[in-house]
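Residue numbers start from 1 in every chain, and the chains themselves are labelled A, B, ... in the order their sequence lines are given, proteins ahead of strands. For the numbers below, each heavy atom of this structure counts, side chains included, while hydrogens, waters and symmetry mates do not. Since the model is a prediction, treat every value here as computed from it, not as a measurement.
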Amino acid sequence: MTGLPIDSVLPQIAQKLVENTSLVLQAPPGAGKTTGVPLHLLQSDWLGDNKIIMLEPRRLAARAAATRMAELLGEDLGETVGYRIRLEKKVSARTRVEVVTEGILTRMLQNDPELSGVGLVIFDEFHERSLQADLGLALCLEVQAALRDDLRILVMSATLDGQAVSRLMDDAPVITSEGRSFPVEIKYGKETERRNIPFDMADKIEEALAEEGGSILAFLPGVGEIKRVENLLLSKKTTTDIEVYPLYGDLPMAKQRKAIEPVGDGRRKVVLATSIAETSLTIDGIRIIIDCGFRRSPRFDPSSGLTRLETIRVSRASADQRAGRAGRLEPGICYRLWPESQNGALALQDRPEIQEADLCSLVLELLNWGATGPEELSWCTVPPKSSWKQAIELLRSLGAIDQSDHITDHGKNMSRLPVHPRLAHMLVRGREENAGWLACLIAALLTERDILQEGSAKTQTNLLVRIDAFTSKSKERGFKFDSYRLKQVKRTAEQYARALGVRPDTTFNTEHVGGLASLAYPDRIGKLRKNAVGRFKLSGGKGAELDELDPLASRPYLVMTNIGGAGASARVYQAIEVSESQIRKFHAESIVLEDRVRLDDLKGVFLGEEVERCGEVILKATRVKEPDQEAIKQEILTLVRGRGLTILEPDADFEHLCHRVISAGALAQKTDWLDFSEAGLISSLESWLLPYLDSVTTFKALQALDFKSILLSFLGWDKRQFLDENFPSRIELPTGNTARINYVDPKLPILEVRLQELFGLSVTPSIFGGRIPLRLHLLSPARRPLQVTSDLAGFWANTYHEVKKDMKGRYPRHYWPDDPLIAEPTSKTKKNMNKARR
DNA sequence: CTCTCCCT
């Protein structure tokens with residue numbers, strides 16, 4: 001272990017930790033910190049008989065770090081150095097350095113908040129800012145402050161954000177180390193306009209193959225782009241003697257392995273990868289990196305409770321990490337598809353996961369820990385309020401917390417299981433229903449990667465097909481499963497079964513799958529909409545859609561086990577049929593019976609119904625003869641709130657009045673005014689609309705109401721008086737005609753008028769006692785726009801003479817006087833003007 | 001037009 005950059009700072013690290021219980025180490029890749037630091041600190045006096053725990057963000061990294069350290073000591077794994085990751089551990093009573101994945105630490109803390117026997121916790125790769133690492137650090141700081149003032153915490157980070165972490169840890173000292181890697185030459189794209197990622201990437205790969213020797217690793221955002229680049233490369237003549245390998249997480253294991261292995265007989269390799277190759281995998285023999293500059297990233301939307309994927313720009317840190325992959329063994333080269341001038345537009349760091357992710361598990365962990373809110377702990381980044389609130393609501397609906405947000409016994413049972421709280425709820429309830437093993441299988445299938453192989457059925461959304469892989473039925477159907485993943489799912493299910501205390505079972509009843517899944521997703525029970533194949537209304541209130549040709553698309557009830565997408569209607573990626581009786585059985589306490597009124601869209605009549613519903617899903621509706629008028633009135637308000645004022649089909653007068661009132665409020669700067677914007681009127685529906693609904697029983701009658709008059713009386717006499725005097729609806733023109741003032745722009749009332757009608761008028765027409773001049777849109781006799789001005793006198797003096805020349809040619813029968821100020825205003829032709837005089 | 005990790 002000689003000659004690593006970290007060696008020169010190791011004594012300093014050890015010495016600082018004698019007096020300080022917290023320390024930050026900044027060391028770039030190649031410094032040797034992951035193996036050097038724990039082994040060196042093992043000799044510290046303060047450690048005594050206690051252990052060192054080191055956190056790694058990935059299982060692969062944990063196993064590798066432990067293996068290297070054991071090698072350096074000349075020992076086997078599990079002696080002085082061991083590791084613990086999910087489903088696998090190599091530790092013994094002698095073990096002094098335990099490398100664990102981040103989630104394991106949370107588990108350790110929940111079991112023993114004092115972390116007995118642990119002297120030092122090291123957070124490796126903290127710059128990645130995973131949710132688990134942020135949570136782990138917050139909890140460790142709490143332990144240090146409240147229970148264990150001798151516990152030492154060392155945060156190791158590759159990038160220069162150490163100061164922020166240091167402040168969080170009571171201004172802990174920061175030690176910086178050099179790194180070591182081979183130089184990587186960066187080549188930027190040209191400033192010229194680019195087309196799209198796949199085209200640009202294929203061109204750049206061709207260019208790099210011609211310019212440079214060695215194999216290429218190209219970073220693309222996702223599977224779609226990878227497939228397109230692959231096709232483009234195959235169609236190019238210059239790229240025939242290379243091997244192209246896609247590489248992404250959903251690729252079957254065998255194919256992933258092929259992409260990572262070296263190619264034989266000196267052929268060149270082009271690997272098209274997602275960000276999986278940024279940290280998780282190392283590919284043999286790469287000299288050239290090509291970075292498209294984008295990645296796909298999950299983003300949790302607390303309002304829908306869904307996570308959707310976004311294609312976003314990479315951060316500077318991530319681009320540097322990608323480039324660094326070219327300089328692992330020899331000097332390398334990195335082509336970036338963006339011009340250097342755009343570097344400033346990239347964020348320095350990626351947003352920490354805690355800001356982007358579903359916080360349900362984290363919140364349950366903290367409530368179980370005894371915290372009642374996020375403010376009770378010290379965070380690197382405070383969890384967003386909206387995600388916290390959504391998590392609390394979901395946990396309440398799963399019965400994990402009570403009405404006062406305290407964890408229940410059920411919640412405690414849930415938090416012991418190593419799964420998302422949704423699935424934990426399903427497991428615990430499944431066990432109560434004697435379907436524990438089936439619940440474990442479902443949870444494992446929903447947690448691990450899809451076992452169904454691509455191509456065996458183009459888009460197979462049915463969860464039951466996956467369940468059948470574990471029964472004798474699988475052979476009959478001809479679906480192909482990835483055997484590695486199948487094994488993985490089985491191991492995971494067995495882990496859950498151990499944690500739950502149930503036995504694997506071969507005789508489970510697959511009819512219960514839908515019901516069990518509905519426990520995990522009580523907000524995603526979907527009911528098929530009437531006359532709409534593939535479109536479902538979800539119990540949580542949103543909509544969801546399946547391909548019309550999907551066999552599930554016409555089933556009456558589904559549980560959506562995987563949905564994504566934004567907006568009102570989500571895309572269903574995986575679902576399972578559920579029967580009405582299963583919904584009734586598993587959701588008895590949330591099914592309500594109520595009287596309500598519904599608008600029959602076809603007949604336009606309000607009908608009374610007695611309704612049995614589970615969330616927003618109607619299980620049963622029975623007609624009631626005489627609907628209650630109060631209920632009709634409330635239903636009308638609900639309709640308008642949901643669909644907006646447009647369902648009232650308001651006429652132009654109504655809209656004009658609204659604009660006029662808004663404009664008057666803005667221009668006269670009234671403080672005691674009424675809000676006539678759509679949002680404002682919707683929030684005051686009770687005041688202005690409700691009093692007129694006493695005899696409305698049909699939709700037609702509703703639309704026939706005179707909304708303009710209704711709004712005028714809502715406005716009241718004083719305000720209406722002020723409005724008419726200062727912001728009139730129409731204005732009189734010199735001809736004696738009147739013209740409507742356009743108030744659409746609240747700050748700028750407009751008068752559209754034919755130029756000739758203003759002859760003789762020297763002052764710009766105005767409102768509000770002359771304080772607001774109207775913006776004039778002057779029109780030709782055929783009402784074509786000629787000129788826009790707020791200064792009529794200036795127009796007559798200057799522009800008019802040019803306009804006149806043009807107009808005389810085009811409208812010879814009209815009157816175009818040389819001096820418009822003394823001319824007679826008119827809306828007519830010359831002939832008709834004379835007629836009128838006689 | 002589905003990223004990628006992770007949980008006694």
For this session: Please tell me which of the listed nucleotides, B:dC7, B:dC3, B:dT4, lies nearest to the side chain of A:Arg59?
Result: B:dC7
Seminar exercise, completed: Residues passing the side chain to side chain donor-acceptor pair (under 3.5 Å) test with A:Glu577, sequence neighbours excluded, are A:Arg555
Exercise. How long is the line joining CG of A:Leu220 and P of B:dT4, in whole Å?
Worked result: 12 Å
Problem set entry | Length of the CD-C1' vector between A:Glu365 and B:dC7, whole Å | 8 Å
Seminar exercise, completed: Taking B:dC7, B:dC5, B:dC3 as options, the one with an atom nearest any side-chain atom of A:Ile85 is B:dC7
Exercise. Can a salt bridge be assigned to the pair A:Arg466 and A:Asp450 using a cut-off of 4.0 Å between side-chain N and carboxylate O?
Worked result: yes
For this session: Residues of residues 104-117 of chain A with any non-hydrogen atom less than 4.0 angstrom from an atom of DNA chain B: list those, numerically ordered, please.
Result: A:Ile104, A:Arg107, A:Asn111
Problem set entry | Residues that A:Arg485 engages under side chain to side chain contact (heavy atoms under 4.5 Å, CB included), provided they are two or more places apart | A:Asp250, A:Gln256, A:Arg449, A:Ile451, A:Asp482
Problem set entry | Between A:Arg313 and A:Gln342: side-chain donor-acceptor atoms closer than 3.5 Å | yes
Problem set entry | 5' priority, DNA chain B, between A:Arg58 and A:Arg295 [closest heavy atom] | A:Arg295
For this session: Using a strict cut-off of less than 4.0 Å between a Lys/Arg side-chain nitrogen and an Asp/Glu carboxylate oxygen, indicate whether A:Glu365 and A:Arg107 qualify as a salt bridge.
Result: yes
Problem set entry | Pair A:Glu88 + A:Arg63, salt bridge at N-O below 4.0 Å | yes
Seminar exercise, completed: Separation of B:dC5 atom C1' from A:Asp358 atom CG, nearest Å, is 15 Å
